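Here is the structure we will look at, set down as structure tokens.
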Number of protein chains: 2
Amino acid sequence: MSRKSSNVTLKDIAAQAGVSHTAVSAALHGTGRISDEKREHILSVAKKMSYRPRLAAQMLRSNRTGHLGMIVCGVNLTDLMDSGFHGPIVSSFIQACEERDIRYHIEFAKEAVNPDDDFIPPAYFSGGMVDGALVVGYCDQPFAHWLEHENTRPWVSVGESAAYFVKDNSEQNVYQVAQHLVALGHRRIAFLHGDVSFDSNEEGLHGFERACLDFPMDTKSQWVHYIPMMPRRDGMHKTAEWARTCLAESDRPTAVICKGMGVARAVVSVAQQLQLDVPHQLSVIGFGTQAEAERSYPCMAHIQPDYPKIVHQALYILEQRLAGRDVANSSSLVAANMVWQDTVAPPQD
Amino acid sequence: MSRKSSNVTLKDIAAQAGVSHTAVSAALHGTGRISDEKREHILSVAKKMSYRPRLAAQMLRSNRTGHLGMIVCGVNLTDLMDSGFHGPIVSSFIQACEERDIRYHIEFAKEAVNPDDDFIPPAYFSGGMVDGALVVGYCDQPFAHWLEHENTRPWVSVGESAAYFVKDNSEQNVYQVAQHLVALGHRRIAFLHGDVSFDSNEEGLHGFERACLDFPMDTKSQWVHYIPMMPRRDGMHKTAEWARTCLAESDRPTAVICKGMGVARAVVSVAQQLQLDVPHQLSVIGFGTQAEAERSYPCMAHIQPDYPKIVHQALYILEQRLAGRDVANSSSLVAANMVWQDTVAPPQD
DNA sequence: ACGATCCGATCGTATGGAATG
DNA sequence: TCATTCCATACGATCGGATCG
């Protein structure tokens with residue numbers, strides 16, 4: 001029976017050390033109800049027997065787990081790691097928890113295939129294996145309802161509005177990118193955006209429109225263009241088509257803001273084929289992570305949501321709620337990091 | 001006390017339904033010791049009270065968790081998702097488990113900072129929260145020792161040799177890429193490889209060397225070149241430098257095999273600047289995922305380790321061991337998927 | 001004798017209160 | 001009185017054995 005735990009328990013240590021199992025428990029927890037020399041002895045025995053507490057027993061007994069959860073919604077598992085949002089958020093969460101020695105568990109919300117299926121709540125969260133959780137992305141209706149009405153544990157939303165939430169300030173980010181380009185001398189600026197049914201894309205578009213009103217920018221309707229991202233190859237070809245058309249004209253844009261690093265790469269590639277120098281004759285900026293940007297050649301200027309900070313804020317709010325404290329700011333918008341390397345410069349005539 | 005579980009238990013349901021708590025348990029499990037009408041009644045009550053079993057209690061009582069673990073080693077958390085290996089493996093594992101309704105937990109091995117620190121075993125694995133685990137990547141010495149001597153649970157290695165392991169067949173993959181290029185008519189083939197202190201890179205290099213012996217290939221020493229990947233920007237610049245030198249010569253290579261998609265992109269970009277047509281005058285292939293390949297323009301030919309299959313095999317072995325069955329093949333090498341789109345063609349004179 | 005139902009012990013840990021010196 | 005030490009119990013689900021009609 002290879003699955004048998006064969007694990008050392010408190011009793012085993014107690015027997016070995018000649019004390020009661022409660023003494024062992026006390027020793028391991030540093031609750032001061034035991035003499036120093038006995039504690040030391042017990043600890044050494046425990047170490048020798050390589051004792052590991054049984055987490056399930058601890059959780060059951062203490063009715064708190066000391067673990068936090070992350071529930072990821074609305075992402076196709078095939079491209080979790082390619083998602084410009086979910087991937088980095090998950091990654092930042094892991095990193096934040098490891099740094100603070102918080103135990104954590106990540107799970108994925110199951111979306112109902114057809115509407116009359118029973119809703120299946122996230123198992124760890126509803127099974128009491130975590131004290132609270134960050135909920136990432138868009139929750140579908142049954143899940144939102146469940147969170148609201150049947151769930152008693154605290155949670156904080158990441159990326160979507162809710163009672164407690166933290167998200168990227170997409171509107172302001174795009175606005176600032178435009179501002180920066182204008183300050184460099186750009187007037188003709190294009191914006192290739194993503195699906196506006198996603199909040200962040202819609203907000204980004206608003207930011208661009210606001211910039212058009214506030215700054216001396218020339219725009220044409222075909223310069224604000226929607227690129228569908230899926231399937232990916234289509235998206236790339238549509239981008240290239242757009243670029244071949246718009247960049248060939250004499251009053252072509254001098255800068256292009258691209259939602260997505262792939263789109264930005266396609267624009268750069270077409271520009272080079274048209275003998276346009278990047279960045280001096282055309283500046284290009286992509287939304288995406290630093291890693292993606294630096295795997296482009298030339299290294300792409302990029303706007304990267306501050307995922308670590310977003311997660312940090314969300315964890316802070318969650319911990320306040322777990323501690324039963326009131327939270328002053330129940331929501332926050334986090335500014336992105338912008339890096340202007342290699343593909344952005346003042347425009348050249 | 002918002003953390004209080006406030007969860008419905010078997011007893012609550014029993015009280016509500018006017019039966020004993022064991023009857024409820026029986027009803028929920030379909031162990032046939034209860035009459036159909038009572039079972040139905042109990043189930044309806046349980047549903048109405050939205051009962052969720054307490055996982056910790058189940059695990060404690062039954063001494064088996066029904067959960068599998070994945071322990072990820074030797075990756076800097078900052079670039080988990082950018083790692084061409086760990087990211088896709090984790091992603092495939094999640095997907096495989098979700099598809100099969102296996103519960104799972106992913107954790108990251110803590111590497112000792114200095115050697116005399118006590119080794120900290122992975123908490124979930126050693127805390128009995130999983131029945132067994134896949135161990136991904138290179139385990140450092142203390143961890144390997146712990147797995148071997150202090151651990152009693154079964155595990156299967158992914159990506160490194162061990163008693164039970166599954167990994168990518170890097171040697172054969174590169175060999176086959178070369179074979180394919182030769183068959184297309186290529187003779188002058190370059191290979192930009194990664195750090196050979198990683199097994200997979202070393203094996204890939206061996207595969208290339210074997211191909212050089214077996215097939216009619218012309219090689220020069222500078223065509224087999226090591227590109228350090230970190231820091232990333234340096235890697236890209238070194239690649240570009242190499243390409244500017246080697247692709248300008250009259251007897252330039254007609255095909256380049258690149259370890260890493262960033263490297264491949266840089267080669268394509270320099271080639272285009274040198275007015276070389278890709279793929280007709282230069283074929284380029286990168287190792288990496290389909291998603292990365294399709295975020296390049298033109299879409300990059302690529303070699304993608306078959307991560308889903310690797311994980312599938314590893315899970316199979318693990319499940320065999322958990323069931324106490326003997327495993328016929330305790331190890332396996334998995335062939336990669338190769339896609340020749342857009343950047344590979346027969347050479348043109 | 002048999003199906004339906006229930007009781008009680010159990011997993012490993014944590015803790016208030018009792019007993020020890 | 002006080003510092004130590006230990007006992008009994010509870011957490012929630014499971015399952016062998018006992019009970020009932």
Side-chain angles (χ1 to χ4, degrees), chain A residues 1 3-42 46 49-67 103 123-124 126-129 131, chain B residues 1 3-43 45-46 49-67 103 123-124 126-129 131:
Chain A
M1 182 63 77
R3 186 155 60 274
K4 183 170 168 301
S5 127
S6 92
N7 259 348
V8 198
T9 74
L10 287 184
K11 273 186 197 153
D12 300 331
I13 298 179
Q16 185 74 22
V19 296
S20 78
H21 68 280
T22 54
V24 180
S25 178
L28 291 167
H29 285 80
T31 55
R33 307 170 39 147
I34 198 174
S35 68
D36 284 351
E37 72 175 328
K38 186 164 267 188
R39 160 174 337 16
E40 244 177 84
H41 177 226
I42 292 176
M49 301 177 73
S50 72
Y51 166 76
R52 306 286 156 204
R54 187 79 161 268
L55 295 184
Q58 289 185 315
M59 290 178 174
L60 178 60
R61 167 61 224 226
S62 59
N63 193 25
R64 53 158 289 143
T65 66
H67 293 216
R103 297 272 146 237
Y124 267 74
S126 71
M129 301 290 285
D131 295 330
Chain B
M1 181 64 79
R3 185 155 62 276
K4 183 169 170 302
S5 129
S6 93
N7 259 347
V8 196
T9 74
L10 288 185
K11 271 185 198 154
D12 299 332
I13 298 178
Q16 186 74 23
V19 296
S20 77
H21 68 280
T22 53
V24 180
S25 176
L28 291 168
H29 285 80
T31 54
R33 305 168 45 146
I34 199 174
S35 68
D36 284 351
E37 70 175 329
K38 186 162 269 190
R39 157 167 20 285
E40 245 176 85
H41 176 226
I42 291 175
L43 286 180
V45 173
M49 302 178 72
S50 71
Y51 166 75
R52 305 288 155 204
R54 187 76 161 270
L55 295 184
Q58 289 184 315
M59 290 179 174
L60 178 60
R61 166 61 225 227
S62 60
N63 194 24
R64 52 157 290 141
T65 65
H67 294 216
R103 298 268 147 239
Y124 266 72
S126 70
M129 300 291 287
D131 295 330

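Every chain is numbered from 1, with letters handed out A, B, ... down the list of sequences. Bear in mind that the values here come from a model prediction, so they are computed numbers and not experimental data.
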Check your understanding: Step by step, would you call A:M129 with B:M59 a side chain to side chain contact (heavy atoms under 4.5 Å, CB included)?
Key -> CA-CA 11 Å; A:M129 301 290 285; B:M59 290 179 174; 4.0 Å; yes
**Study point:** Below 4.0 Å: OP1/OP2 of C:dG12 and any side-chain N or O of A:Q58
**Key:** no
Check your understanding: Can a side chain N or O of A:S25 be found less than 4.0 Å away from OP1 or OP2 on C:dT13?
Key -> no
Review point. Can you tell me the Watson-Crick or wobble partner of C:dC7, both distances under 3.5 angstrom?
Key: D:dG16
Atom [atom1] of [X] and atom [atom2] of [N]: how far apart are they, to the nearest Å?
{"X": "B:L60", "N": "D:dC11", "atom1": "CG", "atom2": "C1'", "result": "9 Å"}
{"X": "B:R64", "N": "C:dC11", "atom1": "CZ", "atom2": "P", "result": "18 Å"}
{"X": "A:M59", "N": "D:dC11", "atom1": "CE", "atom2": "C1'", "result": "14 Å"}
{"X": "B:I42", "N": "D:dA13", "atom1": "CD1", "atom2": "P", "result": "14 Å"}
{"X": "A:D12", "N": "C:dC11", "atom1": "CG", "atom2": "C1'", "result": "13 Å"}
{"X": "A:I13", "N": "D:dC6", "atom1": "CD1", "atom2": "P", "result": "15 Å"}
{"X": "B:L10", "N": "D:dT14", "atom1": "CG", "atom2": "P", "result": "7 Å"}
{"X": "A:N63", "N": "D:dA10", "atom1": "CG", "atom2": "C1'", "result": "11 Å"}

Point to revise | Criterion side chain to side chain contact (heavy atoms under 4.5 Å, CB included) on A:Y51 and A:L28, from CA distance to verdict | key: CA-CA 10 Å; A:Y51 166 76; A:L28 291 167; 3.5 Å; yes
Practice item. Looking only at side-chain atoms of A:Y51, point me to the closest of C:dT13, C:dT5, D:dT14. Key: C:dT13
Exercise for review: Tell me which nucleotide among C:dT13, C:dT5, D:dG12 gets nearest to the side chain of B:A57.
Suggested key: D:dG12
Point to revise | Interatomic spacing from CZ in A:R103 to CG in A:L55 - rounded to 0.5 Å | key: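 The CZ atom of A:R103 sits 8.0 Å away from the CG atom of A:L55.
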Check your understanding: Say you draw a straight line from CD1 of B:I13 to CE of B:M49; how long is it, rounded to the nearest 0.5 Å?
Key ->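 So the CD1 of B:I13 and the CE of B:M49 are separated by 6.0 Å.
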Review point. Heavy-atom distance under 4.5 Å between the side chains of B:I34 and B:I42, does that happen here?
Key: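 When only atoms from C-beta onward are counted, B:I42 and B:I34 do touch, with a gap below 4.5 Å.
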Point to revise | Verdict with supporting geometry, A:N63 and B:R54, side chain to side chain contact (heavy atoms under 4.5 Å, CB included) | key: CA-CA 10 Å; A:N63 193 25; B:R54 187 76 161 270; 2.6 Å; yes
Exercise for review: Assign B:T9 to base, sugar-phosphate, or nothing according to its heavy-atom contacts below 4.0 angstrom with the strands shown.
Suggested key: sugar-phosphate
Check your understanding: What does B:K38 touch in the nucleic acid at a heavy-atom separation under 4.0 angstrom: a base, only the sugar-phosphate, or nothing?
Key ->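 The residue B:K38 makes sugar-phosphate contact but no base contact.
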Check your understanding: Can you list the steps and then say if B:R39 with B:D36 is a side chain to side chain contact (heavy atoms under 4.5 Å, CB included)?
Key -> CA-CA 5 Å; B:R39 157 167 20 285; B:D36 284 351; 3.7 Å; yes
Practice item. Establish whether the base of D:dA13 is bridged to the side chain of B:R54 by a donor-acceptor pair shorter than 3.5 Å. Key: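 Checked by distance alone, the answer is no.
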Check your understanding: For DNA chain C, whose closest nucleotide is more 5', that of A:L55 or that of B:R61?
Key -> B:R61
**Study point:** DNA chain C contacts among residues 14-22 of chain B, heavy-atom distance under 4.0 Å
**Key:** B:V19, B:S20, B:H21, B:T22
